[in-house]
Amino acid sequence: MKIASMFFETKKEMPKDAEMISHKLLIKGGYVSLSSSGVYAYLPLFLRVYKKVEKIIIEEMDRIGGQQLLLPVLTPKELWDETGRWNDFGSEMFRLKDRKDRDYALCPTHEEVITDIARKSIRSYKQLPQIWYQIQTKFRDEPRPRSGLLRVRQFEMKDSYSLDTNTSNLERAYNKHREAYIRMFKRLGIDLTIVEAASGLMGGAKSEEFMAISDSGEDRIALCNKCDYSSNMEVADTKSNDYNFEDSELKEIHTPVKGDVETVSDYLNEDRKRFIKSILIITDNKPVFLLVPGERDIEEKKIELIFGEKFRYANDKEINQYTGADKGYISPINLDIKVYADTSLKDAKGMISGANKNDFHIKGINIKRDMKDIEFVNIKTVRENDNCPVCDSGKLLIKKCIEIGHIFQLGTKYSASMKAMYLDNNGKEKPIVMGSYGIGLGRVISTIIEQHNDENGIIWPISIAPFSIIIIPLNIKNEKIMNKAEELYALLKKDHEVMLDDRDLRAGNKFKDADLTGIPVRIIIGKKFIETNEIEISIRNSTEKITVKPTDLLNVVNEIIEDKKGLCKID
RNA sequence: CGGGGCGUAGCGCAGCCCGGUUAGCGCGCCUGCUUUGGGAGCAGGAAGCCGCAGGUUCAAAUCCUGCCGCCCCGACCA
């Protein structure tokens, strides 16, 4: 396309509201335009990138036997009531009423819709397995949209759903998706890590997230420096069973120092490792004790995974009422309160915690001996340099990252509550076993920019660049230059996506725009062409300049592009 | 929802404390000329409900009240 007549509008200055590099470049390069908080218009240049991403996703989904469909975005309340998510989604769901005053939701995700379709069409095991997917706009009323396209209220998502007869078939569908995702992201030029994740509002058993490591990401993951262990901090674990001290009788000790574990351990001159932090929370109006090693804190996310968002910390009055002592002097010892202890405390012996009596602690605690109603769960914080929970000598690294894909083994959560059943080969009715798999297209594109940019702008991998080539005639008033530019444009256009910068601007402007918008291959026709009949080719992510004769140009350009394509190719 | 910041021309900003000409500046835009290898120069020009509503005042972009919008930091997700 010829730029002079295109919708091509870059900005000279960085947008003041943007913080993240991808956000800045998307705005500055004229790719997107903010409509309202968390809602963006995709401008022509962006849509070209978007379509390419979409194409790669579709190709890989089709490869694993996915069938594309398109589900409605406008859905009645009744559908969501069946799974209880009309309530569960809370204010994150966009809701509206029709003229008859009936409630509707703009879909934040499509499990209910797909399950509804499944129950209407699937009858027999002979119709399974199925993989259905769509690329569709989702609506989520995020509390705080931010970071350009990373966190928005309206966004496009590739969501697929697998329908299977049993769990092992579900696993197969899940693994197919996993492989497809790896291929897609490779083709998109994204460097990523797959981590173990929490399922959250989706429910279900296993889930993994596709994380692109980036300092501007909102998530944190723990990675082992030796083996391939990687996990979202929400579920990360560490090996630390060194709380197995000498066993002894319980004994009260006088600790007239008010304060936390640090204060008391200093006073007693005891290692912090010997302490158990006892924290009282209230959930369902009942008190529950949480126990973690004294040297660690509670990871609130993990608590939420166990109790939902219904838990809260007990206040001073409640602490006293349930334990008979003040904060700092409590523990589950001799109390009839349910205990959730961190897994690392499983074999803990010779430990110290509160005596449920002000100014006293108790020592010699043997968890298994002294606590009755106890369950061991992973609730402690994980830190950089902790031991890997899997291998022998690995240490954990903590990294920030962007979540671009998430795959879930849902199981029968939706099919059971919505009665999506099939008849097995014994004529017995069973719920369909489901999986759900998402990729955020806007996040994918932002991530690519985060991972491929320099101080001058975006550096698109050729697989998704809006155009592969930009021809820059440096002086459009010079006939010889302009004729050659038009000639090359016509020639290259046959096999490539080409932009011709036919604007009457000086060289600097054109170079800046070419850099900013990130077009991979640049063909410059300028003074050199007039003087020596030579044309210059430069490549966006290198400083190398290639000078060619016009007759060789086509071959050289083809080679460069083939070479670039190779980087994103698979198989 | 808690904390912070900002709304003045398409973009980036000054003016606001301390009310008082015709509301400025840079970029962009339009016209003409010159210029053409890293965001050119000169000349002329268009463009503003100073976020909205109310109040104080002879007089409000400026002071007061309320509201709205946008961004950033926290709790949530693709």
Side-chain angles (χ1 to χ4, degrees), chain A residues 9-20 23-24 27-28 30 33-39 57 88-93 108-110 135-160 181 197-202 207 209-212 216-219 232 234 300-301 304 309 401-408 436-447 456-457 472-478 481-482 501 503-516 522 524-531 536 538 545:
Chain A
E9 204 191 327
T10 56
K11 296 193 192 306
K12 207 159 177 181
E13 278 159 291
M14 278 293 187
K16 64 159 183 175
D17 286 339
E19 204 78 6
M20 215 171 164
H23 186 193
K24 287 180 180 173
I27 302 278
K28 189 168 187 243
S33 167
L34 180 73
S35 173
S36 69
S37 179
V39 181
I57 291 175
D88 292 349
F89 263 106
S91 47
E92 196 162 315
M93 188 182 246
T109 175
H110 280 83
I135 294 170
Q136 171 70 285
T137 306
K138 303 282 187 262
F139 294 86
R140 291 183 192 174
D141 195 356
E142 289 287 337
R144 183 157 91 79
R146 79 183 98 146
S147 308
L149 298 183
L150 272 200
R151 190 172 208 76
V152 286
R153 300 194 299 166
Q154 170 180 339
F155 60 97
E156 282 61 44
M157 177 161 123
K158 186 290 296 175
D159 46 321
S160 41
Y181 277 29
S199 299
L201 208 52
M202 289 297 173
S207 97
E209 289 165 321
F210 287 71
M211 296 292 205
S216 28
E218 306 182 281
D219 279 86
N232 194 306
E234 294 171 18
E300 277 190 35
K301 287 251 168 102
E304 278 174 27
E309 278 164 41
C401 52
I402 302 168
E403 180 190 344
I404 48 180
H406 200 160
I407 55 181
F408 300 88
S436 124
Y437 317 86
I439 293 178
L441 289 260
R443 280 198 183 170
V444 165
I445 296 172
S446 293
T447 299
N456 295 314
I472 305 183
L474 288 182
N475 183 352
I476 68 161
K477 290 195 176 131
N478 181 301
I481 289 178
M482 210 46 206
D501 195 346
R503 297 175 297 175
D504 186 13
L505 293 175
R506 296 161 62 88
N509 292 279
K510 297 188 177 186
F511 291 148
K512 289 282 182 194
D513 276 347
D515 283 342
L516 176 61
R522 183 179 317 173
I524 299 152
I525 310 168
K527 220 182 279 171
K528 222 180 279 173
F529 177 67
I530 297 186
E531 288 162 3
E536 183 180 302
S538 74
K545 288 180 167 48

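Reckoned from all heavy atoms, side chains included, excluding hydrogens, waters and symmetry mates. By convention in this document, chain letters (A, B, ...) are assigned in the order of the sequence lines, proteins followed by strands, and residues within each chain are numbered from 1. Every value quoted in this text rests on a predicted model; they were computed, and no experiment measured them.
- The interatomic distance linking A:Glu92 (CD) with B:C77 (C1') rounds to 7 Å, in whole Å.
- Between the P atom of B:A14 and the CD atom of A:Glu13 lies a distance of 12 Å, rounded to the nearest Å.
- In this structure, A:Asp219 reaches the bases: a heavy-atom distance under 4.0 Å links it to at least one base atom across the strands shown.
- Residue contacts for A:Val152: at a heavy-atom cut-off of 4.0 Å it reaches a base atom on one of the strands shown.
- Between the C1' atoms of B:G3 and B:C17, the separation comes to 25 Å (whole Å).
- In this structure, the ring pair (Phe, Tyr, Trp, His ring centres under 6.0 Å) partners of A:Tyr437, at least two apart in sequence or on a different chain, are A:His177.
- Atom pair A:Arg153:CZ and B:G69:C1' shows a separation of 11 Å (rounding to whole Å applied).
- Here, B:A59 and B:G54 have their P atoms 15 Å apart, quoted to the whole Å.
- The residue A:Pro473 sits apart from the nucleic acid: no heavy atom pair falls under 4.0 Å.
- With salt bridges taken as basic N to acidic carboxylate O contacts below 4.0 Å, none links A:Glu156 and A:Lys138.
- Figure legend. B:C42 is base-paired to B:G32; pairs are counted as Watson-Crick or G-U wobble with both atom distances under 3.5 Å.
- If you check every strand for non-hydrogen atoms under 4.0 Å, A:Ser147 touches sugar and phosphate atoms only.
- The partner of B:G37 is absent, by the rule that a Watson-Crick or G-U pair needs both atom distances under 3.5 Å.
- The backbone N or O of A:Val152 lies less than 3.5 Å from no partner atom in the side chain of A:Arg140, so there is not a single donor-acceptor pair.
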| note | With B for base contact, S for sugar-phosphate-only contact and - for none (protein heavy atoms under 4.0 Å), nucleotides 35-44 of chain B reads BBBBBB----
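- Rounded to an integer number of Å, the gap from CZ of A:Phe89 to P of B:C77 is 9 Å.
- Taking atom C1' in both B:C71 and B:U36, one finds a spacing of 39 Å when rounded to whole Å.
- The CD-C1' distance, from A:Glu218 to B:G74, rounds to 12 Å in whole Å.
- Pairing for B:U65 is with B:A53, a Watson-Crick or G-U wobble pair whose two hydrogen-bonding atom distances lie under 3.5 Å.
- OP1 or OP2 of B:C71 lies within a sub-4.0 Å distance of a side-chain N or O belonging to A:Ser37.
- Across every strand in view, B:C58 sits in a pair with B:G20 that passes the Watson-Crick or G-U test at under 3.5 angstrom.
- Each of A:His23 and A:Arg146 lies near RNA chain B, and the nucleotide nearest A:His23 is the one positioned closer to the 5' end.
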| task | Just do the side chain to side chain donor-acceptor pair (under 3.5 Å) check on A:His406 and A:Ser207 with the steps written out, would you? | result | CA-CA 7 Å; A:His406 200 160; A:Ser207 97; 2.9 Å; yes
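- The gap from the C1' atom of B:A23 to that of B:A78 amounts to 46 Å, rounded to the nearest Å.
- If you take atom C1' in B:G39 and the same atom in B:G24, they sit 24 Å apart, rounded to whole Å.
- In this entry the distance linking CE of A:Met211 with P of B:C77 reads 12 Å, nearest Å.
- Under the side-chain contact (heavy atoms from CB on, under 4.5 Å) criterion, A:Leu505 pairs with A:Arg503, A:Asn509, A:Lys510, not counting sequence neighbours.
- For A:Ser216, the side chain to side chain donor-acceptor pair (under 3.5 Å) partners are A:Ser214, A:Glu450, not counting sequence neighbours.
- The gap from the C1' atom of B:G74 to that of B:A9 amounts to 36 Å, rounded to the nearest Å.
- In this structure, OH of A:Tyr437 is placed 20 Å from P of B:C77, rounded to the nearest angstrom.
- Pair assignment for B:A9 gives none, since no Watson-Crick or G-U wobble pairing has each distance under 3.5 Å.
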Please tabulate, one pair per line, each protein N/O and nucleotide N/O from nucleotides 1-8 of chain B that are separated by under 3.5 Å, including the distance.
unit_1, atom_1, unit_2, atom_2, d
B:C6, O2', A:Lys16, NZ, 3.4

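- By the side chain to side chain donor-acceptor pair (under 3.5 Å) test, A:Gln154 is found to be paired with no residue, residues two or more places apart in sequence or in another chain being considered.
- Separating the P atom of B:C52 from that of B:C58 is a span of 24 Å, rounded to the nearest Å.
- A donor-acceptor contact closer than 3.5 angstrom links the side chains of A:Asn232 and A:Glu209.
- Residues passing the side-chain contact (heavy atoms from CB on, under 4.5 Å) test with A:Ser36, sequence neighbours excluded: A:Val39, A:Arg153.
- Both A:Leu34 and A:Gly405 lie near RNA chain B, and the one whose nearest nucleotide falls closer to the 5' end is A:Leu34.
- Base contact: A:Glu142 has a heavy atom under 4.0 Å from a base atom.
- A:Asn478 pairs by the side-chain contact (heavy atoms from CB on, under 4.5 Å) definition with A:Asn475, A:Lys480, A:Ile481, A:Ile530, not counting sequence neighbours.
- The side-chain contact (heavy atoms from CB on, under 4.5 Å) search around A:Ala212 returns A:Ile190, A:Ile404, A:Thr447, A:Gln451, not counting sequence neighbours.
- Nucleotide B:A14 has no partner under the Watson-Crick or G-U criteria, as no pair reaches both atom distances under 3.5 Å.
- Side-chain atoms of A:Lys12 and A:Thr10 include no donor-acceptor pair closer than 3.5 Å.
- Shown here, B:G2 forms a base pair with B:C73; the pair counts as Watson-Crick or G-U wobble because both key distances fall under 3.5 Å.
- Regarding A:Glu9, its CD atom lies at a distance of 12 Å from the P atom of B:G12, rounded to whole Å.
- For the C1' atoms, the distance from B:G15 to B:U56 is 22 Å, rounded to whole Å.
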